[in-house]
Amino acid sequence: MTWLPVESKMFTSVAYDEEKRVLYLRFQSGDVYRYFEFQSTDFRAFLSAKSRGRFFLAHIRDHFRFERMAKLHAA
């Protein structure tokens with residue numbers, strides 16, 4: 001799994017585990033959340049969204065089971 005840097009006011013980077021269908025989002029605050037049962041087609045739509053923050057608010061938050069992970073900062 002590889003973290004991809006993204007241009008976003010909300011996120012610094014994202015990662016996706018296609019085998020497990022888990023989306024990882026690293027927020028500007030350094031908080032990392034993972035979202036379960038996330039389809040690869042949804043991941044591609046997220047990456048190509050004009051605004052990833054708006055896409056998150058409309059299609060991810062409150063739509064998928066999630067878990068907050070340890071606060072991580074990029075090296």
Side-chain angles (χ1 to χ4, degrees):
M1 182 178 70
T2 303
W3 283 92
L4 304 171
V6 292
E7 286 188 33
S8 171
K9 291 179 183 176
M10 190 175 283
F11 311 107
T12 60
S13 56
V14 302
Y16 182 64
D17 185 329
E18 190 166 1
E19 184 177 308
K20 294 180 181 177
R21 296 186 308 151
V22 176
L23 171 69
Y24 296 83
L25 297 175
R26 180 178 290 132
F27 289 78
Q28 291 288 348
S29 65
D31 290 329
V32 175
Y33 285 78
R34 60 183 176 176
Y35 294 83
F36 301 98
E37 300 177 27
F38 199 82
Q39 301 295 327
S40 59
T41 53
D42 293 326
F43 181 61
R44 288 191 293 276
F46 173 75
L47 288 180
S48 64
K50 186 173 183 179
S51 168
R52 291 181 187 94
R54 285 191 186 113
F55 186 95
F56 170 77
L57 295 173
H59 303 288
I60 300 174
R61 187 177 75 173
D62 300 328
H63 294 273
F64 293 90
R65 188 170 58 87
F66 69 91
E67 177 181 58
R68 182 175 183 234
M69 301 179 70
K71 195 170 216 172
L72 302 172
H73 295 283

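Every heavy atom of this structure was used, including side-chain atoms; hydrogens, water molecules and symmetry mates were not.
A distance of 6.5 Å separates OG of S8 from CZ of F46, quoted to the nearest 0.5 Å. We find the NZ-CD distance between K20 and E37 to be 14.0 Å, quoted to the nearest 0.5 Å. The distance from the CG atom of L4 to the CG atom of L47 is 6.5 Å, given to the nearest 0.5 Å. A distance of 8.5 Å separates NZ in K9 from OG in S51, rounded to the nearest 0.5 Å. F36 CZ to D17 CG: the interatomic distance, rounded to the nearest 0.5 Å, is 10.5 Å. Between R34 atom CZ and R65 atom CZ the span is 8.5 Å, to the nearest 0.5 Å.
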Working for side-chain contact (heavy atoms from CB on, under 4.5 Å), residues R44 and T41: CA-CA 5 Å; R44 288 191 293 276; T41 53; 3.3 Å; yes
side-chain contact (heavy atoms from CB on, under 4.5 Å) between F43 and V14: does it pass, once the steps are laid out? CA-CA 10 Å; F43 181 61; V14 302; 4.1 Å; yes
Is there a side-chain contact (heavy atoms from CB on, under 4.5 Å) between V32 and W3? Walk through the geometry before answering. CA-CA 12 Å; V32 175; W3 283 92; 3.9 Å; yes
Run the numbers on D31 and R68 for side-chain contact (heavy atoms from CB on, under 4.5 Å), then give the verdict. CA-CA 7 Å; D31 290 329; R68 182 175 183 234; 2.8 Å; yes
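Ring-plane geometry between Y33 and F27 is classed as perpendicular, the angle between the planes exceeding 60 degrees on a 0 to 90 degree scale with a lower cut at 30.
Residue T2 comes nearest to A15 through the heavy atom pair O-CB, 3.6 Å, listed as atom of the first residue, atom of the second, then distance. Between M1 and Y16, the closest heavy-atom pair is CG-O, 3.9 Å. Of all heavy-atom pairs spanning P5 and S13, the tightest one is CA-CB, 4.0 Å.
Contacts of R52 classified as salt bridge (Lys or Arg N to Asp or Glu O under 4.0 Å), with partners at least two apart in sequence or in another chain: none.
Side-chain contact between F64 and D42 is present, with at least one heavy-atom pair separated by less than 4.5 Å.
No more than 12 heavy atoms of other residues, nucleotides or ligands shown are found within 6.0 angstrom of CZ on F66. The neighbour count for E67 CD, taken as heavy atoms of other residues, nucleotides or ligands under 6.0 Å away, is above 12.
Two rings, from F56 and F11, have their centers less than 6.0 Å apart.
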